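Quick caveat, the model's predicted, so the values are computed rather than measured.
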Amino acid sequence: QVQLVESGGGWVQAGGSLTLSCTASGLTFSNSAMGWFRQAPGKEREFVSATTDSGLSFYYADFVKGRFTLSRDNAKSTVTLQMNNLQPDDTAVYYCAGRRFGGLARHQYEYHYWGQGTQVTVSS
């Protein structure tokens, strides 16, 4: 059984930083591309960032470029999203997602596994 467990969400003032982590179990992590999505209240879930199984290539949504950094540690089966200069518009539930394949993907339908989500709240 595959499990993705997110941690690190919370409350922060605008301009602050948070680090989200996702630890995977039940899958061959080093063969799995990973991504982050988010869903704000009243909005659809949207892509944030993704990386390949090797962690050598990345996608970022335009609205997080230069502020968020994605990394992964295959030895620890963990993917980490460092979020800097957070703004109120970043307030959302952030979801970790994993694929059965190693290639980059930015669409929800390309992901096979999902975490339960972690809340990020940014106040102005």
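- Pairs passing the side chain to side chain donor-acceptor pair (under 3.5 Å) check and including a residue from residues 39-50, sequence neighbours excluded, read R38-E46.
- Judged as a disulfide bond (SG atoms under 2.5 Å apart), not a single pair has a partner in residues 38-84 (not counting sequence neighbours).
- A donor atom on one side chain and an acceptor atom on the other are found under 3.5 Å apart for S17 and N84.
- Among pairs with a residue in residues 83-124, those fulfilling disulfide bond (SG atoms under 2.5 Å apart) read C22-C96, at least two apart in sequence or across chains.
- Residues meeting the side chain to side chain contact (heavy atoms under 4.5 Å, CB included) test with S7, sequence neighbours left out: S21.
- Distance check: D53 CG to R100 CZ gives 15.5 Å after rounding to the nearest 0.5 Å.
- In this structure Q87 satisfies the side chain to side chain contact (heavy atoms under 4.5 Å, CB included) test together with A14, R67, N85, D90, sequence neighbours excluded.
- For D73, the side chain to side chain contact (heavy atoms under 4.5 Å, CB included) test picks out A75, K76, with sequence neighbours left out.
- The salt bridge (Lys or Arg N to Asp or Glu O under 4.0 Å) analysis of residues 2-13, with sequence neighbours excluded, yields no pairs.
- Partners of T28 according to the side chain to side chain contact (heavy atoms under 4.5 Å, CB included) rule, which considers only residues two or more places apart in sequence or in another chain, are S30, N31.
- Residues V5 and Q116 share a closest heavy-atom pair of CA-OE1, 4.0 Å.
- Of the possible polar contacts, one joining the T118 side chain to the G9 backbone as a donor-acceptor pair under 3.5 Å is found.
- Donor-acceptor pairing under 3.5 Å is lacking for the side chains of Q13 and S123.
- Alongside F37, the hydrophobic cluster contains F47, Y59, V93, Y95, L104, Y111, W114 (criterion: ILVMFWY side chains under 4.5 Å).
- Sequence neighbours left out, not one pair with a member in residues 31-64 passes disulfide bond (SG atoms under 2.5 Å apart).
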Applying side chain to side chain contact (heavy atoms under 4.5 Å, CB included) to Q3 and S25, what does each step give before you reach the verdict?
CA-CA 5 Å; Q3 285 192 313; S25 60; 3.5 Å; yes
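- Residues satisfying the ring-ring contact (aromatic ring centres under 6.0 Å, His included) test with F101, not counting sequence neighbours, are H112.
- Across all their heavy atoms, A33 and G102 have their closest contact at CB-O, 3.5 Å.
- The two residues A105 and E110 come nearest to each other via the heavy atoms CB-OE1, 3.3 Å.
- Grouped by direct or indirect side-chain proximity (heavy atoms under 4.5 Å, Ile/Leu/Val/Met/Phe/Trp/Tyr only), V122 sits with V2, L4, V12, L18, L20, L27, F29, M34, W36, V48, F58, Y60, F63, V64, F68, L70, V79, L81, M83, L86, Y94, Y113, V120.
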